[in-house]
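Quick notes on the structure that follows.
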Number of protein chains: 2
Amino acid sequence: MATGRTHRPATRSRGIPEATVARLPLYLRALTALSERSVPTVSSEELAAAAGVNSAKLRKDFSYLGSYGTRGVGYDVEYLVYQISRELGLTQDWPVVIVGIGNLGAALANYGGFASRGFRVAALIDADPAMAGKPVAGIPVQHTDDLERIIQDNGVSIGVIATPAGAAQQVCDRLVAAGVTSILNFAPTVLNVPDGVDVRKVDLSIELQILAFHEQRKAGEEAAAADTAVAPAARRQPADKGPDGDVPAVMPA
Amino acid sequence: MATGRTHRPATRSRGIPEATVARLPLYLRALTALSERSVPTVSSEELAAAAGVNSAKLRKDFSYLGSYGTRGVGYDVEYLVYQISRELGLTQDWPVVIVGIGNLGAALANYGGFASRGFRVAALIDADPAMAGKPVAGIPVQHTDDLERIIQDNGVSIGVIATPAGAAQQVCDRLVAAGVTSILNFAPTVLNVPDGVDVRKVDLSIELQILAFHEQRKAGEEAAAADTAVAPAARRQPADKGPDGDVPAVMPA
DNA sequence: TGGTGTGAAAGGATTCACAGCC
DNA sequence: GGCTGTGAATCCTTTCACACCA
């Protein structure tokens, strides 16, 4: 899960639970797909299946937003898309800068999912002078020297760090000093930021490591488990019921 | 974040809490850095700071693994690295395949964090015949037609999907049929898998949306908050300029 | 003394189950 | 009859605070 450190004064007492916020984008994606197919209404059961959660959770999540459904009928797709978009702040345009245009930075610059959701890549920044001026995803790369000016000229408040780990903290400090208050960090390092700045991280190798943990467990299902304390590991046959269930938090990783 | 519908019989096997498992890679990374600096021991306070968590949580986490510390002293760095690696299953080699060698797939193939953690990119697979044979990160791309053979020949149990959303489920089905039991999904879609298969997802735009939510809150700190924070009397207003330009929500690579 | 290990308390998140409304 | 909205129960996670010991 990603992480949002800076849990300062608190998670806004009268706000939406963090776990719910993390699922809103999921619902929005599913709703957008329904909208494109011109589906007018959807039940909590159907939408939950499309989003990969269970319906009770979905209804509870929506209850934090308000009463947007109709008993006996379901939810109006278009209306919900609008309400969730507004709640997430996606009805406005968010200029974003990406710092570190290596393989990953280029992938992010080309990522269509940004533009389609209210995000606009305002600038690409890299420390390599040789990159300067070269267009990536149609946007010319600018040099790190101009970072502060770029942030201010574009009114950027969200920055994406895709640099090597060693450069991340320094880039982070400069972004924050220039006015950025939200950072998405892909560098495998912990960033220190002042209060009021949100950081979420995505670490590709961490996700794989978590998978490896469960994979290992499956392998040792009936074979001698790791070592001590053998897991009762019964057959792989969860008495689980429903279609799905689960989805921890996460946040992201 | 980033977790998907893992249908494991759950962590119920008397094992380590899922939240703890998700943090072990974090500790491991911090410990590895200490190890490289030849630091012999570390206290829970110091290690927690390096990993970005608080010390009580760290100690509780470690208590699930066993008593590996020394009161009054701290933890032996090398020993802890080993114990956590073993717990995560990183003392063995995990061959991984990456399917979908677009920008993101290439970035993943080049990602150093994999190799350094017990993961080995066994093969790169793409549906584009023009890609076949072209080396990416020193590994020749192979065609999707050979997917099953590749999985079996290399004994792969972990697959990474970096294809467009439209192709993800199909690729997933083939991976699972060929024997893959853990999947890391970068495609913005919900994957359906049979019991016993774990899926974790990473969605770049979801992370940004969560940041946007918090960013919006900061902006409206004392300014007029959203608009109608209360039950809107003017329901049915889906038109209102719509969510946003709504570009085709298709995928990148 | 200094720092681990851990019961117990507190806080969240998820699930249940059903009242209430269309 | 069908489906939402939500209190109540349950489960999981985090935090506290202190016993215990090298």
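When reading the values below, keep in mind they use all heavy atoms of this one structure, side chains included, and skip hydrogens, waters and symmetry mates. Below, read A as the first sequence line, B as the second, and so on, with proteins coming before strands; counting in each chain starts at 1. Note that this is a predicted model, so its numbers are computed, not measured.
Rounded to an integer number of Å, the gap from A/L65 CG to D/dG5 P is 10 Å. What separates CD of B/Q83 from P of C/dG5 is a distance of 12 Å, to the nearest Å. Atom CD in A/E45 sits about 8 Å away from atom P in D/dT4, given to the nearest Å. Distance, B/Y79 OH to C/dT4 P: 16 Å, rounded to whole Å. Rounded to whole angstrom, the span from the CD atom of B/E18 across to the P atom of D/dC12 amounts to 11 Å. Rounding to whole angstrom units, CZ of residue B/R23 and C1' of D/dC12 are separated by 11 Å. Atoms CG (A/L24) and C1' (C/dA13) sit 15 Å apart, rounded to a whole Å. Taking atom CG of B/D61 as the reference point, atom P of D/dT14 lies 7 Å away to the nearest angstrom.
Side-chain atoms of B/D76 never come within 3.5 Å of backbone atoms of B/L80 as a donor-acceptor pair (strictly under, hydrogens ignored). A/W94 places no side-chain N or O within donor-acceptor distance of the main-chain N or O of B/L208, the cut-off being under 3.5 Å. Between the side chain of B/Q216 and the main chain of A/R86, a donor-acceptor pair closer than 3.5 Å is present. Remark: side-chain polar atoms of A/T32 are paired, donor with acceptor, to backbone N or O of A/L28 under 3.5 angstrom. B/K201 places no side-chain N or O within donor-acceptor distance of the main-chain N or O of B/L184, the cut-off being under 3.5 Å.
Between A/T20 and B/Y75, the residue anchored closer to the 5' end of DNA chain C is B/Y75, taking for each the nucleotide with the nearest heavy atom.
Distances shorter than 4.0 Å separate none of the side-chain N or O atoms of A/K60 from OP1 or OP2 on C/dA13. A/N54 has no side-chain polar atom (N or O) that falls below the 4.0 Å cut-off from OP1 or OP2 of C/dT14. Close to D/dC18, at under 4.0 Å from its OP1 or OP2, lies no side-chain N or O of B/R71. OP1 or OP2 of C/dT15 lies within a sub-4.0 Å distance of a side-chain N or O belonging to A/K57. Phosphate proximity of C/dG2 to B/R59: absent, as no side-chain N or O sits under 4.0 Å from OP1 or OP2.
Between A/Y79 and A/Y82, the ring center distance fails the sub-6.0 Å criterion.
Looking at residues 36-44 of chain B, you'll see that no heavy atom sits under 4.0 Å from any atom of DNA chain D.
Within 6.0 Å of the CD atom in A/Q169, the count of heavy atoms belonging to other residues, nucleotides or ligands exceeds 12.
Closest to the side chain of B/T70, out of D/dA22, D/dT13, C/dG5, is D/dA22.
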